[in-house]
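Whatever order the structure lists ligands and atoms in, that order sets their numbers, starting from 1. Worth saying up front: this structure is predicted, and the values here are computed from it rather than measured.
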Amino acid sequence: MDINKKKVPAHVAIIMDGNGRWAKERGLERVYGHANGVASVRKAIKASLDMGVKVLTLYAFSQENWNRPAAEVEALMLLMVSNMKQELPSFIEQGVRFRYIGNRAALSDEVREEFDYCERQTAHCERLTLVIAVSYSAREELAMAAQKIARRAVEGEIRVEDIDVDMMEENLYAGDLPAVDLMIRTSGEIRISNFLLWQVAYAEFYFTDLYWPDFDEKEYEKAVEYYGRRERRFGKTSEQIKLENSINQE
Ligand code: IPE
Ligand code: IPE
Ligand code: MG
């Protein structure tokens, strides 16, 4: 597929949904769906590297997912730790920097230590930043940012009038990363499920009925092509954008 390199999103975020239904349709337990979803994660990383996406954020486990049956939660955590261990050498080789977002304190020691280790080991990698959201809640992320800022105000380090969009961003889990350009959700659900509420303020959205284990490079390219066809106006008129583009092309 011919991807217009100029129109590749810098930051893609994916809600990887539909593992359970994928397994159920095959008469399998839900965990097989999660296990088969791992291959799609690998494909998404490879396609991001191939297309020149700079940041890929994957929603692996929401704060609300803690309410699932304990056996499923346990299986998901095991899967994450074992795959992180397995993939680390290839991350380093391919220049993939790993970062974690979410409520670190809610993770087991084993999971937290694995994530910390991978972050340290890949800190020098620069081709792609892979952000994994685990025990993540966008509303909590915003509440935590408010707490951090309020503390500084109470301690007299900042004035209330200093609180602005930039300061909010600096206090998010990964506030140094660019905003999300393209948000993808698989499995036919058209909802955000408490993911990156702040960061998607001007994102383009792509929804597909495919279950996550069926999401491959081709489907990812389709989403990026769709993104490339959108006119991102950021509040301006279409005429203004066309004029700006023609000036930029000169
Ligand atoms: C997404 O697939 C993976 C996680 C939420 C961990 P689901 O497990 O939500 O699959 P469905 O939506 O039940 O099919
Ligand atoms: C969202 O999927 C979280 C992840 C993909 C990790 P869910 O399947 O948990 O979302 P809801 O609860 O159905 O909206
Ligand atoms: Mg789901």
Exercise for the section: Please work out whether the ring planes of Phe91 and Phe98 are parallel, tilted or perpendicular, with thresholds of 30° and 60°. Expected result: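 Phe91 vs Phe98 ring planes: parallel.
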
Exercise for the section: Establish, from distance only, whether the side-chain atoms of Tyr226 and Glu204 form a donor-acceptor pair under 3.5 Å. Expected result: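 Checked: Tyr226/Glu204 side chains show no N/O donor-acceptor pair below 3.5 Å.
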
Practice task
Decide whether Ser187 and Trp212 meet the rule of one side-chain donor and one side-chain acceptor closer than 3.5 Å.
Solution key: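 Side chains of Ser187 and Trp212: no pair found under 3.5 Å.
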
Exercise for the section: Answer yes or no: is there an ion pair linking Glu244 with Lys236, defined by an N-O contact shorter than 4.0 Å? Expected result: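 The answer is yes: the pair qualifies as a salt bridge.
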
Handout entry: Of the listed options Glu64, Arg68, Arg185, Glu189, closest to atom 10 (O) of ligand 2 (non-hydrogen atoms)
Key =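 That would be Arg185.
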
Handout entry: Option with minimal heavy-atom separation from atom 2 (O) of ligand 1, where the choices are Val31, Asn19, Leu79
Key =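 Selected option, by shortest heavy-atom distance: Asn19.
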
Exercise for the section: May I ask you to list the atoms of ligand 2 that are less than 4.0 angstrom from any heavy atom of Ile15? Expected result: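 Result: 5 (C).
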
Handout entry: Shortest protein contact, atom 8 (O) of ligand 2 (heavy atom only)
Key =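 Checked against all protein heavy atoms, atom 8 (O) of ligand 2 sits closest to Asp17 OD1, 3.1 Å.
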
Handout entry: atom 12 (O) of ligand 2 - nearest protein heavy atom and its distance
Key =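 Here the closest protein heavy atom is Ser193 OG, 4.5 Å.
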
Problem - Closest contact, heavy atoms only, Tyr173 versus Asn103 - result: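 In this case the closest contact between Tyr173 and Asn103 is OH-N, 4.0 Å.
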
In ligand 1, which numbered atoms sit nearer than 4.0 Å to a non-hydrogen atom of [X]?
X	result
Leu76	6 (C)
His34	3 (C), 8 (O)
Arg30	7 (P), 8 (O), 10 (O), 13 (O)

Handout entry: Test: Arg229 cationic atom under 6.0 Å from Tyr227 six-membered ring centre, within 45° of axis
Key =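 Judged by the rule (NZ or CZ under 6.0 Å from the ring centre, within 45° of its axis), Arg229 is not positioned above Tyr227.
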
Practice task
Compute both the distance and the angle, then confirm whether Arg26 meets the cation-pi test with Trp22: under 6.0 Å from the six-membered ring centre, within 45 degrees of the axis.
Solution key: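 Judged by the rule (NZ or CZ under 6.0 Å from the ring centre, within 45° of its axis), Arg26 counts as positioned above Trp22.
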
Exercise for the section: Indicate if Met84 and Met77 have the same hydrophobic cluster label, given that clusters are the connected sets of ILVMFWY residues with side-chain heavy-atom separations under 4.5 angstrom. Expected result: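 Per the 4.5 Å side-chain linkage, Met84 and Met77 are co-clustered.
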
Handout entry: Beyond-backbone contact of Asp162 with Arg159, side-chain heavy atoms, under 4.5 angstrom
Key =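 Side-chain contact under 4.5 Å: yes.
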
Handout entry: Whether Gly18 lies under 4.0 Å from ligand 1, heavy atom
Key =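 In this structure, Gly18 qualifies as a contact of ligand 1 - some heavy atom is under 4.0 Å.
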
Solution key, residues 109-119 side-chain donor-acceptor pairs under 3.5 Å, sequence neighbours excluded:
{"unit_1": "Asp109", "atom_1": "OD1", "unit_2": "Arg112", "atom_2": "NH1", "d": "3.2"}
{"unit_1": "Arg112", "atom_1": "NE", "unit_2": "Arg104", "atom_2": "O", "d": "3.1"}
{"unit_1": "Arg112", "atom_1": "NH2", "unit_2": "Leu107", "atom_2": "O", "d": "2.9"}
{"unit_1": "Glu114", "atom_1": "OE1", "unit_2": "Lys85", "atom_2": "NZ", "d": "2.8"}
{"unit_1": "Asp116", "atom_1": "OD1", "unit_2": "Arg104", "atom_2": "NE", "d": "3.2"}
{"unit_1": "Asp116", "atom_1": "OD1", "unit_2": "Arg104", "atom_2": "NH2", "d": "2.8"}
{"unit_1": "Glu119", "atom_1": "OE1", "unit_2": "Arg104", "atom_2": "NH2", "d": "2.6"}
{"unit_1": "Glu119", "atom_1": "OE2", "unit_2": "Tyr100", "atom_2": "N", "d": "2.7"}

Problem - 2.8 Å shell around the Mg ion (ligand 3), exclusive bound, protein N/O/S atoms - result: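 Total protein N/O/S atoms under 2.8 Å from the Mg ion (ligand 3): 1.
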
Practice task
Examine Tyr59 against ligand 2 and note whether any of their N/O atoms are separated by less than 3.5 Å.
Solution key: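 Looking only at distances, the answer is no, because the N/O contact criterion of under 3.5 Å is not met.
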
Problem - Test of proximity, Arg191 against ligand 2: N or O pairs below 3.5 Å - result: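 Min N/O separation from ligand 2 is below 3.5 Å for Arg191.
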
Practice task
Report the part of Phe61 (side chain from C-beta onward, or backbone N, CA, C, O) that has a heavy atom under 4.0 Å from ligand 2; answer both or neither where that applies.
Solution key: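 The answer is the backbone.
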
Practice task
Check whether more than 12 heavy atoms from other residues, nucleotides or ligands sit under 6.0 Å from atom NZ of Lys43, and answer yes or no.
Solution key: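 More than 12 heavy atoms, drawn from other residues, nucleotides or ligands, come within 6.0 Å of this atom.
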
Practice task
Would you indicate whether Lys148, at its atom NZ, is surrounded by more than 12 heavy atoms from other residues, nucleotides or ligands within a distance under 6.0 Å?
Solution key: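 More than 12 heavy atoms, drawn from other residues, nucleotides or ligands, come within 6.0 Å of this atom.
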
Handout entry: ligand 1 N/O within reach of Ala60 N/O, cut-off under 3.5 Å
Key =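 Between Ala60 and ligand 1, no N or O pair is found under 3.5 Å apart.
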
Practice task
Output yes when the distance from some N or O of ligand 1 to some N or O of Asn65 is under 3.5 Å, and no in every other case.
Solution key: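 Between Asn65 and ligand 1, no N or O pair is found under 3.5 Å apart.
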
Practice task
Under 4.0 Å, heavy atoms only, figure out whether ligand 1 is touched by the backbone of Met16, its side chain, both or neither.
Solution key: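 Only the backbone of Met16 comes within reach of ligand 1.
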
Exercise for the section: Could you please spell out the steps behind the ring pair (Phe, Tyr, Trp, His ring centres under 6.0 Å) verdict for Phe234 and Tyr202? Expected result: CA-CA 7 Å; Phe234 298 99; Tyr202 254 111; 4.9 Å; yes

